[in-house]
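All figures in this text were calculated on a predicted structure; none of them were measured in a lab.
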Amino acid sequence: QVPLVESGGGSVQAGGSLRLSCAASGYGYSNACMGWFRQAPGKEREGVATIYTGSNNINYAYYGDAVKGRFTISHDKAANTVYLQMDSLKPEDTAMYYCAAGFRPLGYNTRCPTAKGDEYPYWGQGTQVTISS
């Protein structure tokens with residue numbers, strides 16, 4: 001079991017910003033992917049952003065189409081923590097946001113899946129993000 005502790009959710013008005021954090025404790029997630037997925041009521045889970053944590057120099061980050069240009073994912077290797085900076089928030093960003101971890105690309109691949117998250121074995125409890133218009 002890999003504890004993933006999320007924080008930073010909340011309620012803001014459209015156009016505002018939030019920053020989510022996901023701390024992985026007791027888990028050496030080097031050379032693996034971590035990321036954020038979300039699910040709104042009545043909708044399927046969708047990928048928000050993922051990042052490959054195995055590089056020291058290059059930011060291998062991937063984004064869902066709905067958030068490109070507005071959200072930024074980053075990671076702090078020393079702190080085993082992934083962050084999601086969310087700017088220019090819209091009401092349609094309202095959802096439960098989940099941190100996921102544990103997908104290891106094969107060989108030299110650094111591509112992290114950013115669809116529905118079925119490839120990720122470890123999940124956090126989720127943090128609610130609510131955007132009002």
Side-chain angles (χ1 to χ4, degrees):
Q1 189 173 358
V2 179
L4 297 173
V5 180
E6 301 134 327
S7 61
S11 299
V12 297
Q13 289 189 328
S17 298
L18 285 172
R19 188 188 193 210
L20 305 184
S21 299
C22 174
S25 60
Y27 171 56
Y29 69 110
S30 59
N31 301 327
C33 296
M34 289 184 69
W36 292 92
F37 296 79
R38 68 186 183 186
Q39 188 166 20
K43 295 187 177 181
E44 290 188 338
R45 187 173 64 201
E46 65 171 342
V48 177
T50 58
I51 190 166
Y52 176 66
T53 64
S55 174
N56 292 319
N57 302 313
I58 299 175
N59 186 28
Y60 292 103
Y62 307 92
Y63 297 92
D65 290 341
V67 307
K68 285 180 180 177
R70 300 188 297 121
F71 291 10
T72 304
I73 189 170
S74 60
H75 76 100
D76 183 331
K77 183 171 287 188
N80 276 10
T81 299
V82 170
Y83 303 96
L84 183 69
Q85 178 65 40
M86 304 187 294
D87 298 318
S88 301
L89 284 160
K90 303 176 182 180
E92 50 264 44
D93 293 319
T94 296
M96 185 70 79
Y97 283 68
Y98 297 92
C99 179
F103 175 80
R104 294 183 181 275
L106 296 177
Y108 294 102
N109 190 10
T110 58
R111 185 75 186 182
C112 295
T114 315
K116 295 183 179 180
D118 294 341
E119 303 88 346
Y120 294 80
Y122 307 117
W123 291 83
Q125 294 298 309
T127 184
Q128 179 68 37
V129 171
T130 303
I131 312 302
S132 58
S133 58

J.: For Ala115, give me all partners under side-chain contact (heavy atoms from CB on, under 4.5 Å), at least two apart in sequence or on another chain.
T.: none
J.: Would you indicate whether the side-chain heavy atoms of Tyr62 and Pro113 approach each other to under 4.5 Å?
T.: no
J.: Could you pull out all residues at least two apart from Lys90 that satisfy salt bridge (Lys or Arg N to Asp or Glu O under 4.0 Å)?
T.: none
J.: Below 4.5 Å, heavy atoms only, C-beta onward: do Leu84 and Val82 meet side chain to side chain?
T.: no
J.: At what distance, to the nearest 0.5 angstrom, does CD of Gln13 lie from OG1 of Thr130?
T.: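 Answer for the CD-OG1 pair, Gln13 versus Thr130, is 13.0 Å.
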J.: Which pairs pass disulfide bond (SG atoms under 2.5 Å apart) with one or both residues in residues 45-74, sequence neighbours excluded?
T.: none
J.: Provide the full list of disulfide bond (SG atoms under 2.5 Å apart) pairs with a residue in residues 56-133, sequence neighbours left out, each pair given once.
T.: Cys22-Cys99, Cys33-Cys112
J.: List for me each residue that meets side-chain contact (heavy atoms from CB on, under 4.5 Å) alongside Ala95, sequence neighbours excluded, and say none if there are none.
T.: Arg38, Ala40, Tyr97
J.: With sequence neighbours left out, what residues match Ser17 under side-chain contact (heavy atoms from CB on, under 4.5 Å)?
T.: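 Expected list: Gln85, Asp87.
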J.: Identify, with sequence neighbours excluded, every residue that meets salt bridge (Lys or Arg N to Asp or Glu O under 4.0 Å) alongside Lys43.
T.: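 Lys43: no salt bridge (Lys or Arg N to Asp or Glu O under 4.0 Å) contacts found.
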J.: Assess whether atom CD of Gln128 is packed by more than 12 heavy atoms of other residues, nucleotides or ligands within 6.0 Å.
T.: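 Counting neighbours around CD of Gln128, more than 12 heavy atoms of other residues, nucleotides or ligands fall under 6.0 Å, so yes.
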J.: Just say parallel, tilted or perpendicular for the rings of Trp123 and Tyr98, cut-offs at 30° and 60°.
T.: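 Ring orientation of Trp123 relative to Tyr98: perpendicular.
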J.: Using side-chain heavy atoms (C-beta onward) and a distance below 4.5 Å, is Trp36 in contact with Phe71?
T.: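 Not in contact.
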J.: Return the OG to CG distance between Ser11 and Leu89, rounded to the nearest 0.5 Å.
T.: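 Going from OG on Ser11 over to CG on Leu89, the span is 11.0 Å.
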J.: Please list all pairs meeting salt bridge (Lys or Arg N to Asp or Glu O under 4.0 Å) that have one or both residues in residues 118-133, counting only residues at least two apart or in different chains.
T.: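 Non-adjacent pairs meeting salt bridge (Lys or Arg N to Asp or Glu O under 4.0 Å): Arg45-Asp118.
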J.: For Glu6, give me all partners under salt bridge (Lys or Arg N to Asp or Glu O under 4.0 Å), at least two apart in sequence or on another chain.
T.: none
J.: Got a sec, which residues hit side-chain contact (heavy atoms from CB on, under 4.5 Å) with Val5, two or more places apart in sequence or on another chain?
T.: none
J.: Measure the shortest side-chain to side-chain distance between Ile58 and Thr110 over non-hydrogen atoms and say whether it is less than 4.5 angstrom.
T.: no
J.: Does anything in residues 57-96 pair up under disulfide bond (SG atoms under 2.5 Å apart), and if so which pairs, sequence neighbours excluded?
T.: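 Those involving residues 57-96 do not exist here.
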J.: Would you tell me whether Thr114 and Thr50 have side-chain atoms, one donor and one acceptor, within less than 3.5 Å of each other?
T.: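 Thr50 and Thr114 do have a side-chain donor-acceptor pair below 3.5 Å.
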J.: What pairs with Arg70 under salt bridge (Lys or Arg N to Asp or Glu O under 4.0 Å), at least two apart in sequence or on another chain?
T.: Asp93
J.: Over all heavy atoms of both residues, which pair between Pro91 and Ser133 is shortest? Give the atoms and the distance, please.
T.: CG-CB, 3.9 Å
J.: Group every Ile, Leu, Val, Met, Phe, Trp and Tyr by side-chain heavy-atom contacts under 4.5 Å, then state whether Leu18 and Tyr83 land in the same group.
T.: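 Different hydrophobic clusters.
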